[in-house]
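Everything on this sheet refers to the single structure shown next.
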Amino acid sequence: MQIWDPDYECMPREEIEQLQLERLQATLNRVYKNVTCYRNRFKEMGIVPEDVRSLADLSKLPFTTKEDLRLNYPYGMFAVPLREVVRIHSSSGTTGKPTVVGYTKNDLKVWSTLVSRFMTAAGVNSDDVVQIAFGYGLFTGAFGLHYGSEMIGASVIPMGAGNTEKQIMIMQDYRTTALVSTPSYAVTIAERMEKMGVDPKSLTLKVGLFGGEPWSEAMRREIEERLGITATDNYGLSEVIGPGVAGECLCKRGMHISEDHFIAEIIDPDTGAVLPPGSVGELVLTSLTKEAFPMVRYRTRDITSLDYAKCDCGRTFVRMKKTMGRSDDMLIIKGVNVYPSQIEDVLFAIEGCQPHYQLVVDRKGALDTLEIRIEVTENIFFDEMKMQKAFLDKVEKKIDSVLGVGAVVKLVEPNSIPRAEGKASRVIDNRKI
Ligand SMILES: [Zn+2]
């Protein structure tokens, strides 16, 4: 197995922590000096950067939230003058103004290195032809993977999002070996191939680098079988740098976080308390080397856990589990916390369920209701009422036993749920709360 940066990626734990502490102190000095928001916040709490003498002291510092970025829109969180910024991206805002992030020349170099690391970990090298099916634009996904691929020396096809039949044609003609997209778009591509009568085995595709949305292990198996590839996961968010914060090695037992550039903490999303290693909670990230847009204790809203156990690949960086969803996406149904990815895991384990589903939450009187609409495969869309009833009973029982929440399951016709070209939207919440 190849490792892009063995000097860092395989560093002994004590050395990683020493490096993190030195870089953290430099970052805190930089933000205290250059970012008004941080200076004011630290002053309010009576903290100066010198108070942080160990990594444990990090927990004394305030969090940074998406709201802070909005309040400082567009350039208030930048730690360098605009003339030193060479690239500007923005993160998709579902409500209100998007957030703006910036990169110096050195930030771009670091970003490409981080992407090279996880692409190498997924088995990509200079012989590969990488097709990027993320949208090019303000979103960081496409550009991150693009420059990372070039740094590795792979051949990049900057295809962009959508236009599925053309994606498939290019895949065939240009002999693409690595696909970059959201996992839900990979399923869309697989389906279209089946419809077009293209046999995935006739292609040269061997690996998928998927990110941008939470997805389950069951969905991984589905993609691997249908496209005949190795499907890997990677993680990042624009506010922190973009893709490249973490990525999976071929052991596929969590994504290694580049700890020489970020410190990861897991907190209780309700109280903000730091949780012990192994706990499930919200991921909080602190950047250690970013010049233009440093982030101290940024609340990602992504729910995961960290694993410090040794990995067979030789990397020593901590691994984060696949994200279960965002703390904002968590549905509270009849008082029970439910993540859409948990439902996905249940559905995928049942034969006949397609990876297309929609959750509809409503409130009847004072009671929450959950309806799960699932698409079934053509051959299982049985006409016999009795068999259909038995199938529905099976799914409802399984959901109830795993989630502890009753749901009404409805079968819908094949291809009736809208297909994703980017992130899939799975939840319709009709409750007026
Ligand atoms: Zn590993």
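In listed order, ligands and their atoms are each counted from 1.
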Task: Results of ring-ring contact (aromatic ring centres under 6.0 Å, His included) for Tyr235 - residues two or more places apart only - done: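 Expected list: none.
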Open item on the list: Show every salt bridge (charged side-chain N to carboxylate O under 4.0 Å, His left out) that has at least one partner inside residues 273-283, sequence neighbours left out.
Closed with: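 Found Glu282-Arg299, Glu282-Arg301.
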- [ ] Not counting sequence neighbours, which residues clear side chain to side chain contact (heavy atoms under 4.5 Å, CB included) with Thr188? List them please.
- [x]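 For Thr188 the side chain to side chain contact (heavy atoms under 4.5 Å, CB included) partners, ignoring immediate neighbours, are Thr164, Tyr185, Arg419.
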- [ ] Give me the one residue out of Arg373, Arg426, Glu375 that meets side-chain hydrogen bond (donor to acceptor under 3.5 Å, both in side chains) with Tyr357.
- [x]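 Result: among Arg373, Arg426, Glu375, Arg426 is the only option passing the side-chain hydrogen bond (donor to acceptor under 3.5 Å, both in side chains) with Tyr357.
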Open item on the list: For a quick check under 3.5 Å, do Tyr38 and Thr64 share a side-chain donor-acceptor pair by atom type?
Closed with: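 There is such a pair (donor and acceptor under 3.5 Å, judged by atom type) between the side chains of Tyr38 and Thr64.
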Open item on the list: Under a 3.5 Å threshold, yes or no: a donor from one side chain and an acceptor from the other, between Gln18 and Glu22?
Closed with: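 Note: Gln18 and Glu22 side chains meet the donor-acceptor criterion.
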- [ ] Please indicate how many protein N/O/S atoms are found closer than 2.8 Å to the Zn ion (ligand 1), with waters neither displayed nor included.
- [x]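 Considering protein N, O and S only, the Zn ion (ligand 1) has 4 within range.
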